Each structure stands twice: as C-alpha cells, then as structure tokens.
Number of protein chains: 2
Amino acid sequence: MSENKQPTIYDVSERAGVSLATVSRVVNNNGKVKEETRRKVLKAIKELNYRPNAMAKGLASSKTTMVGMMVPDLTDLYFAELAQGIDAVAKIYNYSVSLSVSDNNPTAGKEAFETLMSQHVDGIVYIGNQTSQEMFDLLKSSPVPVVFAGSVAQDGKLPSVNIDYVQAFQQAGNILKQHLSDTQIALVDNPGESGLSALRQQGFLKAVSKGKIYESEDDYRSGYNLAHHLLEDGIKGVIVGEDEPAIGILNYMLDNHVQVPNDFQIISSNDTKLVKMTRPAVSSVTQPKFDIGAVSMRLLTKLMSGDPVDDPTVILPHEFVLKDTTL
Amino acid sequence: MSENKQPTIYDVSERAGVSLATVSRVVNNNGKVKEETRRKVLKAIKELNYRPNAMAKGLASSKTTMVGMMVPDLTDLYFAELAQGIDAVAKIYNYSVSLSVSDNNPTAGKEAFETLMSQHVDGIVYIGNQTSQEMFDLLKSSPVPVVFAGSVAQDGKLPSVNIDYVQAFQQAGNILKQHLSDTQIALVDNPGESGLSALRQQGFLKAVSKGKIYESEDDYRSGYNLAHHLLEDGIKGVIVGEDEPAIGILNYMLDNHVQVPNDFQIISSNDTKLVKMTRPAVSSVTQPKFDIGAVSMRLLTKLMSGDPVDDPTVILPHEFVLKDTTL
DNA sequence: TTGTAAGCGTTATCAG
DNA sequence: CTGATAACGCTTACAA
C-alpha cells in the first residue's frame, strides 16, 4: 500500500494550484515569487514529501550538482582523510559525490573518468600519487574543472592543493642532519610517475646534498623488505614518503633489535593516525589532510561556478611532530 | 576550438544513417539489429566518441545504474576495506557509486539518504555500526533495495552480509579462557544502537559467562583512556570490538610497562592492516572485509534486478590470527 | 529489422 | 509575479 510513485513537480503544482514554473522557482529559490504563493507551494511540497528528481534537473539544466572523486585506494589513510575533507565540503555546497577507486591503474582510471563524463559531473577532485601521463592528458582534456588534491599536476599549472613538499623535505633533512652526516641519511619514496616525489627529492637534496635515495612502494611490506638494505648501506636515518613503509622500516628495526631512534631515525611524511599507534611513535611531517581535501573541494566549487580564483595552486601550511623515532 | 557539445544519440543516428531507436538498441545491446547496421552504428559511435548521457538514460528508463554507498567514516580501515569491495563489484556490474559519509550522525544520515533518493539510485549498500532506530526505519522505507554490509539490521531480517559474530566472539572468549578465569576476561565494545554489538556480547557471554563488559568508542584514544580501569579491575585479557581501541589499550599497557601478552592479553576483531603494524602485533579475529563488501554489492545487484535470492542474510567465514598479544 | 513518436521530470524562454 | 511551452537526451511501445 505504498505510494505508487514519487510525486513530481507536476503533482505539487496541481496541489498548490500554480504552474510548474512557479514551483520550480520556489524550489530553486530563483525569480520573484509572491510570499503567499511561495507558502502555498512549500506547503504542498511538504504534504506530498516532494523531492526534485536530480536526473531531470540535470538534464534540463545541464548541471548535476555532482562531482567526481577519483582516488587510488581508500585503505590508504592519507587518501581517506583527504576524501573525508572533500566529502564534508561537498555536503556543505550540496554536491553529491560520485566515487571512483582507480587502483593506480591507468585502465581503471580511464574508465573511471569515462564514467564520470557520462554522468556529467560538474567537476572532479582527483587524488593520485601515481598519475600516468595518459591519465594526466585525459584529465587535462576534461570539459569540467579538475582539482588535484594532495597530488601534483605534472606541469604544476593545473589547480591543486598541497603542502610545500620541497620545504617540508628540506626541513626534514635538516632535522636528521643534526645528528647524522649526509651519507648516513636517505630518502625512501615511491617515485611513481607524478611530480610529487620529484618535489620531495628536490627538498631532500637541498638539505642533504649527498643523500641516497631508495625506491619503495606505498605499503608496509615494501618498507619492511627494504630495511635491511638501508642497514647494509650504513644508513642511520631515513625520511619516508608514506607512513606505511615508514612503519615497515620501523618494525624491521625493532624486530632486529636495532635501537630506534638511537641507532636509526625515521621521519615519515603523512601523519596519518598510524604514526601515533606504533611504539615508538613515528616522527612525521604533519599535513592538514582534511583541509587539503576540503580546500580542494571548495576551490572546485569556485571553478565550477566560474568565480574568479586568485591562484589555483594552493599551498597549505605543514608542521612537524617529532615523536619517538627521532633524537 | 573544442567540440561545442557532447555528441548525442541523435548525432550518431544521423551519421550512421539510422534512427534513434536503432542506435539505442545497439548501445544497450537489446533487440535485434542486423549485423551490418550494428557495425555502421558502432563506427559512428567511435568516430564521434559518443558517450550516452547517464541522466537522460536514467530519466527515460527510470534506472540509473548508480548505487548509494553510505559509510560512517572513511578513515576507519574496516569501513574502507568494505568500501573497496563494494566499489570493485560495482565496477564489474557497471554501477557507479554515489558516496555518502554519514558520520554516525542521524541527521547527516537522513540527509544522505534523501540525497540518494533524489538521485534515484537503484539500490543502497549501507555500512554503519551506530545505526539509530530512525535511520533504520528510513532504510526500511526505501523504495529500492538496501543491503547492510558488515552491519546488522536490528530485526536481523533485512539483507545483510556479515561474519558469525556470536561464534567468533565465543571462540575468542575460549581462547582467553585457556589461561585466564572468567573474572579476568572482559569484552570492550561500542554498544551503539545497532544489533552488532549485541551479537558480540552474546557470543562473549556464551564462553565467558561471568565476563565483564566495558564500553568504548571506536577510536584509539578511547581505548587508551579505558585501559587503566581494566587494570584496576584485575582484568588480564580483553576482546575488543574494533582495532583502534584495541591498539589504544595495547599502547597503554606498553607505556605503563605491563607485559603483553604475559600479564595482559588482547584479541581484536577487525584485522585491519593496523594489527600487523604494532609491536607486539595484535591477535585478532580475521574478517573477509573486502569480500563482505563485494558480496554485499553482488547481493544488491541481484535484488535490484529482481533475481531470486536464496537467503538474504549471508554469513561469511571468519578465522583467527593469533599474533603476539595472546599467549 | 527498423522507424516514429510519446513520454521521463525538470529548467528556461517567452509572453502575459 | 505567473503561466505556457519548448527543450534536455534517451527509452520504449507501437507501427511499418
């Protein structure tokens, strides 16, 4: 015995004794409507529990109030926190979010993008540490605005929100240099194909000119497995691009009775909640991850509505939390 | 100098020299189309780089091939892994996913639901540990199918995918009983308003009839702060409903020189990647989280297409990984 | 096997 | 301030 159908704008107009156009006006709060009619319409809407059909609206207005969010992996807490920030601001601006997990896989990424296009999203927030050139070109060809959140566009000229990686990694290098010599310090990062790790390297080398650079994936195992090489090479301190491999390295040290931080220091970079859950707790660059997501989405709203944007390349402040893996 | 507009089905039909209907038929692969015409149409589609407009399609067919995914918190790895499973299967079946973070907040949850309704999603995968009665009623009133993923519907009769929590927690209790007496064993869980913690309690009490039960939130701090009470009460082993508070408890013990597992044992329940990152690594029930998500989504596809479903209440197998917080 | 045409629920452009 | 009415791009009987 449930309602046969969702009520339409037509039902509302009939009940309120006005035209479709008028209902549309009050729903969208645009155009002048006499206070009395507005009230009538609102009443009918409430009584019928009317809810505008987003598809019809989208079709007619060619605006979907939906944004695409592309993310490589939700189980990476760094991305998850960005996503929370994005979602929160999307809610505020009444955008719904179409999620696409791209798996750092160019094919999946391309398909995700295509899907978003056929959904006619009004904009895209792109998160990705491994952006391929192909993906990048695709994004560049987007008919709707794209913002890179916590990710660097290769030519650095697309809208993006980040911290100053160069400075952060230079500072991190300087911290380790307080007790170690250049040759004892290394950077561990996933080079990927994005510009992000290039910036990190740049900053690192600014501080530690003779520093060694190791490659790792973004996962725990990868760090764990890399660790013995570090020891063999006489490395005494590392700066790691992601928290999971940082913890992998830490645990290798603990499992092999290397004293942290006395004999080995670690600075990580993402400050996800992971870093406070280990013992010793991991020292890290702190990033305003939620804010990076939030600001990205806010930037996107501006871009979507054609508002002027002073600088589409936003840099948010970072800090350091020196816990127990540094001296 | 870019294309003025996205090509429409009309452009394709014109170029291929056939009618709209025919193009629609080949695009949707339904109805008979002569091989030759099909080829022509496909050619035109490719040349024009035509992409069906999801909104128009949805409007006309009242199917959106979009599902809603409601999740309380993406930075909870348990949820994130479920979400990955959901997303993966959604991709396979060509559904797009509309994400809604509900923040365990009834108001936000209600709004999220309303948004999904106006988007006319074809179905909903609901993730939530704190489902309020109100939310539950709302979900029950949904005109489209809803599947509870890793969450228990209060009356236990709505479609859901879970492990057997009663059994799992009974087994966990038995494990601790090998070295401890009933009064030394406790359950730490977030009771919330959902049926899930009730099942856990039930299983726990089956094994540890005099066991004490403590309440905590789902976060690290909450566990850390609770820990001293456990010690004061002479508790020597706990089963914890979530990984983060479990690790909170662990770290409190470590920080206060309580020997784990010798003087205090911990079994957690979600087996997120967190549990292998601590030292000692946390023993835990292992849940097939990705699969819970995947099966939920698969179940939803069946429900959405009206396929017969043998049993809408799916139980997936769990196991135990006894690491270093148990004897 | 293919084409015609009537919707689907809105918005938006004109008149009034 | 309000009302007709033509799109929006596609699906789906119904014809042919």
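Quick note on labels: first sequence line is chain A, next is B, and so on, each numbered from 1. Since the structure is predicted, the reported quantities are computational estimates derived from the model, not experimental observations. Keep in mind that the numbers below use all heavy atoms, side chains included, and drop hydrogens, waters and symmetry copies.
The OG atom of A/S96 lies 10.0 Å from the CG atom of A/D87; values are rounded to the nearest 0.5 Å.
The phosphate of D/dC8 (OP1 or OP2) has no side-chain N or O of B/N53 nearer than 4.0 angstrom. Phosphate proximity of C/dG9 to A/T8: absent, as no side-chain N or O sits under 4.0 Å from OP1 or OP2. The side chain of B/T37 places an N or O atom within less than 4.0 Å of a non-bridging phosphate oxygen (OP1 or OP2) of C/dT2. For A/S24, a side-chain nitrogen or oxygen approaches OP1 or OP2 of C/dT11 to under 4.0 Å. For A/T22, no side-chain nitrogen or oxygen approaches OP1 or OP2 of D/dT2 to under 4.0 Å. OP1 or OP2 of D/dA7 has not a single side-chain nitrogen or oxygen of B/Y10 nearer than 4.0 Å.
Distance from the side chain of B/V33 is smallest for C/dT2 among the nucleotides C/dT2, D/dT12, D/dG9. Out of C/dT2, C/dT10, D/dC10, the shortest distance to the side chain of B/I9 is found at D/dC10. For A/R25, the listed nucleotide lying nearest its side chain is D/dT2; candidates were C/dC8, D/dT2, C/dT1. Listed nucleotides C/dT11, D/dT11, C/dT10 differ in distance to A/A56; the shortest reach to its side chain belongs to C/dT10.
A/R39 and A/E36 are not joined by a salt bridge, as no carboxylate oxygen comes within less than 4.0 angstrom of a charged side-chain nitrogen.
For the 3.5 Å distance criterion, the side chains of A/D218 and A/N129 qualify, holding a donor opposite an acceptor.
Mapping A/A21 and A/K32 onto DNA chain D by nearest heavy atom places A/K32 at the nucleotide closer to the 5' end. The 5' end of DNA chain C is approached more closely, in terms of each residue's nearest nucleotide, by B/E35 than by the other of A/R51 and B/E35.
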